[in-house]
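Only one structure is covered here, and it is reproduced in the block below.
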Amino acid sequence: LLADQLFDLLLSTGEKDKAAQLGERLAELQLVSGELYKAFAVYERLLTFVDDYEAYDLRFAQFLERAGEQTLALERYLAAGRRALERGELDVAKARYTEALRIDSRSEAAHEGMVELAAHEGQTAEQIEWLVRLARACVEKEQFGEAVEALQRALAIEPERIDLRRWLV
């Protein structure tokens, strides 16, 4: 309770950096004490005022992983990857999509992000490889229509690939 009040006081006096530091510590304490949703709320609040949103969003995703909230962490990594791609920060986008794939190796959104990233980089072979990986992930999840679509997209890029045609048969 005292830490919450100090957090509010720091914010009201414009001490955003100190409030952010305290907020992170407060969230960690709440995690240890089993108050997950209070901890999540503190991080969500931090994201409304910190100057470096992306850095704190990454910390929040890592925090969610430590809390065992893989699905929420995955969503944050995917969103961060999309934002980085939109800003043209390709290395950051790749890092965030890689984190997402570490959590869920069959994440369609992460594979799609890597496909888009390869396209932005002009890496045709890598783009096709990611589409094939996407197709495999879809097959594993028994999403055969999506797998076929991914392979068709790969063939549209490189129509002479016989190995891709065989997959479709």
Self-check item: Residue pair Leu64, Gln70: steps toward the side chain to side chain contact (heavy atoms under 4.5 Å, CB included) verdict
Solution: CA-CA 7 Å; Leu64 289 166; Gln70 305 315 79; over 6 Å; no

Quiz prompt | Lys141 (side chain) donor-acceptor with Arg106 (main chain) under 3.5 angstrom | solution = yes

Quiz item: With a 4.5 Å heavy-atom cut-off, do Arg83 and Tyr53 have their side chains touching?
Solution: yes

Quiz prompt | Pairing of Asp4 and Arg45 as salt bridge, 4.0 angstrom limit | solution = no

Quiz item: Between Ala147 and Ala135, what is the shortest heavy-atom contact and its length?
Solution: CB-O, 3.5 Å

Quiz item: With hydrophobic residues grouped by side-chain heavy-atom distances under 4.5 Å, do Leu72 and Leu47 end up in a single group?
Solution: yes

Quiz item: Does NZ or CZ of Arg59 fall inside the cone over Tyr56's six-membered ring, less than 6.0 Å from its centre and within 45° of the axis?
Solution: yes

Self-check item: Polar contact flag, side-chain donor to acceptor under 3.5 angstrom, Glu15-Thr13
Solution: no

Exercise. For this output row, return yes or no: ring centroids of Phe40 and Tyr43 closer than 6.0 angstrom.
Key: no

Quiz item: So do the side chains of Leu46 and Phe7 get within less than 4.5 Å of each other, counting heavy atoms only?
Solution: yes

Quiz item: With the 4.5 Å side-chain cut-off for hydrophobic clustering, are Tyr97 and Val92 part of the same group?
Solution: no

Exercise. First locate atom CD of Glu75, then atom CD1 of Ile103, and finally report the distance between them rounded to the nearest 0.5 Å.
Key: 10.0 Å

Quiz item: Ser105 side chain to Leu101 main-chain N or O, any donor-acceptor pair under 3.5 Å?
Solution: no

Quiz item: Got Glu158 and Leu164 here, is their nearest side-chain heavy-atom distance under 4.5 Å?
Solution: no

Quiz item: Would you say the side chain of Arg96 lies within less than 4.5 Å of the side chain of Leu58, judging by non-hydrogen atoms?
Solution: yes

Quiz prompt | Distance-only side-chain donor-acceptor flag, Tyr77 / Gln62, under 3.5 Å | solution = no

Quiz item: Given the rule in the side chain to side chain contact (heavy atoms under 4.5 Å, CB included) test, do Tyr37 and Glu35 qualify, once you have shown the distances and angles that lead to the verdict?
Solution: CA-CA 6 Å; Tyr37 293 102; Glu35 298 178 286; over 6 Å; no

Exercise. Might you point out which heavy atoms bring Arg161 and Leu155 nearest each other, and give the distance in Å?
Key: O-CD2, 3.6 Å

Quiz item: What distance do Leu90 atom CG and Glu116 atom CD have between them, rounded to the nearest 0.5 Å?
Solution: 10.0 Å

Exercise. Evaluate the side-chain proximity of Leu36 to Gln30: yes if any heavy-atom separation is below 4.5 Å, no if none is.
Key: no

Quiz item: When you look at CG of Asp8, are more than 12 heavy atoms from neighbouring residues, nucleotides or ligands closer to it than 6.0 Å?
Solution: yes

Quiz item: So, for Ala93 and Ala84, which heavy atoms are closest and what is the spacing to 0.1 Å?
Solution: N-CB, 3.6 Å

Practice problem: Search all heavy atoms of Ala39 against all heavy atoms of Ala27 and return the closest pair with its distance. | Solution: CB-O, 3.4 Å

Quiz item: For the hydrophobic clusters of this structure (ILVMFWY residues joined by side-chain heavy atoms under 4.5 Å, transitively), does one cluster hold both Leu29 and Leu22?
Solution: no

Exercise. In plain terms, say whether Arg133 and Glu108 are close enough for a salt bridge, that is, a side-chain N and a carboxylate O under 4.0 Å apart.
Key: no

Exercise. Would you mind reporting whether Lys16 and Val50 have side-chain heavy atoms less than 4.5 Å apart?
Key: no

Quiz item: Given the rule that I, L, V, M, F, W and Y join up when any side-chain heavy atoms are under 4.5 Å apart, are Ile162 and Val132 in one cluster?
Solution: no

Quiz prompt | For Glu146 against Cys138, the heavy-atom pair lying closest together | solution = CB-SG, 3.6 Å

Self-check item: Where Ala73 and Ala61 come nearest, the two heavy atoms and their spacing
Solution: CB-O, 3.5 Å

Self-check item: Pairing of Arg76 and Glu44 as salt bridge, 4.0 angstrom limit
Solution: yes

Quiz item: Between Arg25 (side chain) and Ala3 (backbone), is there a donor-acceptor pair under 3.5 Å?
Solution: no

Quiz item: Given side chains that start at C-beta, do those of Leu151 and Leu131 come closer than 4.5 Å, heavy atoms only?
Solution: no

Self-check item: Under 3.5 Å donor-acceptor, Ser107 side chain and Asp104 backbone
Solution: no

Quiz item: Around Asp52, counting heavy atoms of other residues, nucleotides and ligands shown, do more than 12 lie under 6.0 Å from its CG?
Solution: yes

Practice problem: Taking atom CD of Glu160 as the centre, report whether more than 12 heavy atoms of other residues, nucleotides or ligands fall under 6.0 Å from it. | Solution: yes

Exercise. Give the cluster check for Leu26 versus Val32: same hydrophobic cluster or not, with ILVMFWY residues linked at side-chain heavy-atom distances below 4.5 Å.
Key: no

Practice problem: Output yes when Glu99 and Arg102 qualify as a salt bridge under the 4.0 Å nitrogen-oxygen rule, no when they do not. | Solution: yes

Quiz item: Under 6.0 Å from the CZ atom of Arg66, do we count more than 12 heavy atoms belonging to anything else shown?
Solution: yes

Self-check item: Heavy-atom check, side chain of Phe63 versus side chain of Glu28, under 4.5 Å
Solution: yes

Quiz prompt | Pairwise distance CG(Leu117) to CD(Gln127) - rounded to 0.5 angstrom | solution = 10.0 Å

Exercise. Please determine if Glu121 and Lys94 form a salt bridge, counting it only when a charged side-chain N lies under 4.0 Å from a carboxylate O.
Key: no

